[in-house]
Amino acid sequence: MSQDEKWVYLFREGNATMRDLLGGKGANLAEMTNIGLPVPPGFTITTEACNVYSATGQLPDGLWEQLLAALKDIEQNMGQRFGERTNPLLFSVRSGAKFSMPGMMDTILNLGLNEETLQGVIAATNNPRFAYDSYRRFIMMFSDVVLAEGRAELEKEAFEEILEEVKHKHGVEIDSDLSAEGMKEVADGFLAHFHQHYGEHFPSDPMDQLRLSILAVFRSWNNPRATIYRNKERIAHDLGTAVNVQSMVFGNMGDDCGTGVAFTRDPATGEKHVFGEFLRNAQGEDVVAGVRTPQSIDQLAQEFPAIYQQFEEVCSRLEGHYREMQDIEFTIQNQRLFILQCRSGKRTGQAAVKVAVDMVGEGLITRNEGINRVPPSQLEQLLHPRLVKPAGLRPIATGLNAGPGGAVGHVAMDSAAAIRMQQEGKQVILVRKITNPDDLGGMLAAKGVLTSEGGRTSHAALVARQYGIPTICGCKDIRVDDANRQFLVAGTAVKEGDVISIDGTTGEVYLEELKTEPVAVTGDFAKFMEWADAARKLGVRANADTPEQAAEAVRLGAEGIGLCRTEHMFLGSDRVELVRDMILAEDETARQAALDRLLPMQREDFVGIFRAMDGRPVTVRLIDPPLHEFLPHAEHVRDELRRLQVEHSSPESVQAQIKLLAKVEELHEENPMLGLRGCRLSIVMPGIVNMQVAAIIGAASELAKAGEEVHPEIMIPLVGHVNELTFLKGQLEDVAQKTMEAEGAQVDYQFGTMIEIPRAALTAAEIAAQASFFSFGTNDLTQMTYGISRDDAGSFLPIYIEKGIFKQDPTESIDRTGVGRLMKICVDDARAVSPNLKVGICGEHGGDPASVQFCHEIGLNYVSCSPLRVPVARLAAAQAALGSTGPADK
Ligand code: ADP
Ligand code: MG
Ligand code: MG
């Protein structure tokens, strides 16, 4: 950091590429200024200044001088002076980080007002109502943002109560109906309230106001809401925020004024038309905050056609300039349009796909750019279930369709209840009057959100779009009754805990518990996925254990099964008894008898899965978990034994229970994860895997004989030493050959192994010589590389993340430096021996976009993930192949 570093940029000195330094808002204000849009002049203080402030608690040297110079520039431009008594210049102080963080940090408007400048404004505008309105807003915002810090009396809500009292006294419903006297009363009330609770007069020196505000914005970077948002969005905590100081324009000067927000396309559906809301005679966040219900932008078209036309031109100019859908904030002052912000518009997954496909069609962007425009994780939203509506069903209420998709769940009347009910394992619908940033946790815990107030640009709608939560806003038909933890609709009281259904696609509310059905990949979505498939190099398979899952996986584009877990087949109600008999068998004959009865069942399972996959490869993992997972808990068996004894049950049943207890105790392990499981179990107890291979090859033979294509890949888990694989393969090849002979069929099968023990990765050259394929089991590989058990990590992993010791949870996204390094060593060493070795991944990381990117980089053949994530992985693989990590603007 040097003395002469530039900390302050006038808008005309910046541009859109300077997001790191100027933040997204500042960079775009600069860009818009330079392409000649009507942006009120201002300047931006850099994110680096914020970082200096965060580190030292002080503004960097030289900053204030630069700020004063910028101020002078603007004063000359505007022909007004900041802090001057006659016709004073007023500013807004606006935060703006590299990535937009809606509602996370705060803005101060009308800065520079005090008792004297206020008189200047009145004299200059001859509009005292406007002047006092601006003043009361400033007192409240400044107090709330700059000075409240944990003091509830200085927060917005306390001031709003005073406002309500005055409104009540004057008999008006909405703020803008207050007369000049009313507004003055509010401002005076605010000042008195401030003095009473702060103990000092409201800061009147405009320069002090400016300095304190800038520092407050810098501090807000580290407020809890901002921190939670960054954690959720994986935005680095050390980026810092910029501060924009901008001359004010006023939407609250009268009825030919107003303020609004608009998108260049519909953010819920992607439809191409200007979409937004505006409020007459209003300022700032009135639109978003739901203070008054805003009008649709179409109203603007009717009332101020010339302005609307100008606005439409701005929209198409900005879209053309940025080649991206824009979210625009504007203000109209005495019929003059000003643009206060633009950024790429947040949208639902559905809209993202439509906008990308349309823009490619319009020739605005290339097909590859289109592919990169959709964040892979957003595709899951398109797979949100839809409500199944029986004929004749009528909604009980209708609101704004803010977030598409159907949701069914128990009503929760606040965020705390939503979180609690979700933890109890319930599906939740959060019902509120409006939501605010503190509700984020509750909204994320909910399957759906319903609000009685607030428009399409309200906080709830924003969150809905971003996280794909089915949401209905502004549902006037319901009345939220917080005191009684219920809402009222059409004469019915719906209590917390009652089940309702909401359709976020149509905005309809039902009191019935409806069923849901999955969505299909059709239309624009299908077209988009075709483009992605053409671009990607990685194969995409699914993890599926049943014919139903297999069919769903194929529907969603899976090219095979990368992991079919056979033990799930043991847990079916008709099976578990047999499996227990098998485990409890006293001798080999009894065990074999049980296995012989299991064989046809397993074989039938495989026939179903192979059929559903219709010739696509299917990787079947042989039994993996320790046997005690199939037996009841020791505690439970002991209780049962005691009960039998007390009740003097038959000696046979007591004996059986004693035997069971002995077996459960015998199988008990201190560290089952590192115990008798995987290939170890199969070496010690060969009967189960022999049966499984006979079932797999038998099923495949059955299909082969019927002329159907089938490619089983038999995967041996938990190999750490090549000899384990060689030993088992020898034994199982034998079973396979014998089965084919008995069936009189030839099957194209392969034996391969999972790589999930670090030693296997490190000795890949030896193992590759014995295997036809590898599949990274990154769940275990991560646990064993870190020496962390996922089941026990709850006590420290969240703290690690919070304290920044781990930047990411390695169980969610592959740890490139450690686990990833092992994977790379493994792939390179294995391919040196066996250049065409097929290598995939079947851990849960296979559906995580960043991990998919990594798998592409190290040259895997495919990733495998849960069926619903298959489209996500397909898109992530395409973006990896195109060398992109997705849109820059999170
Ligand atoms: P956020 O990041 O929460 O969107 P902004 O900095 O965009 O906060 O400010 C919120 C709103 O305040 C804007 O949408 C606009 O209506 C109003 N505002 C900000 N600066 C000005 C200004 N210079 N003149 C008039 N209104 C402004
Ligand atoms: Mg804000
Ligand atoms: Mg804004």
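Hydrogens, waters and symmetry mates are skipped; everything else that's a heavy atom, side chains included, is used. One-based numbering, in listed order, for ligands and for the atoms of each.
The backbone N or O of Glu271 lies less than 3.5 Å from no partner atom in the side chain of Asp266, so there is not a single donor-acceptor pair. A donor-acceptor contact shorter than 3.5 Å links the side chain of Gln246 to the backbone of Pro40. Not one N or O on the side chain of Thr47 forms a donor-acceptor pair closer than 3.5 Å with the backbone of Thr241. In terms of modelled atom types and a separation under 3.5 Å, the side chain of Glu84 and the main chain of Leu89 share no donor-acceptor contact. The main-chain N or O of Lys433 is never found under 3.5 Å from a side-chain atom of Glu453 such that the two would form a donor-acceptor pair.
Between Arg94 and ligand 1, a contact under 3.5 Å exists for at least one N or O pair. Between Ser92 and ligand 1, at least one N/O pair is under 3.5 Å apart.
For atom 18 (N) of ligand 1, the choice among Thr331, Thr107, Leu109, Asn244 with the nearest heavy atom turns out to be Leu109.
More than 12 heavy atoms of other shown residues, nucleotides or ligands fall within 6.0 angstrom of atom NZ in Lys6.
Among the backbone and side-chain atoms of Thr107, no N/O/S atom is found under 2.8 Å from the Mg ion (ligand 3).
Within the structure, ligand 1 has Lys25 among the residues with a heavy atom less than 4.0 angstrom away. Residue contacts with ligand 1: Ser247 is included, with a non-hydrogen atom under 4.0 Å away.
Short contacts between ligand 1 and Gln341, defined as distances under 4.0 Å to a heavy atom of the residue, involve ligand atoms 4 (O), 7 (O). Atoms of ligand 1 found under 4.0 Å from any heavy atom of Thr259 (numbered from 1 in listed order, with element): 16 (O). In summary, the atoms of ligand 1 found under 4.0 Å from a heavy atom of Gln246, numbered by their order in the structure, are 20 (N), 23 (N).
When rounded to 10 degrees, the angle formed at the Mg ion (ligand 3) by OE1 (Gln341) and OE2 (Glu329) equals 100°.
Only the side chain of Glu329 comes within contact range of ligand 1, with a heavy atom under 4.0 Å; no backbone atom does. If you look at Val249 next to ligand 1, the close heavy atoms, those under 4.0 Å, come from the backbone and the side chain alike.
Ring pair Tyr229/Phe99: centre-to-centre distance not below 6.0 Å.
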* To do: Would you please test Trp64 and Met207 for side chain to side chain contact (heavy atoms under 4.5 Å, CB included) and show each step?
  => CA-CA 11 Å; Trp64 203 255; Met207 273 302 172; 4.1 Å; yes

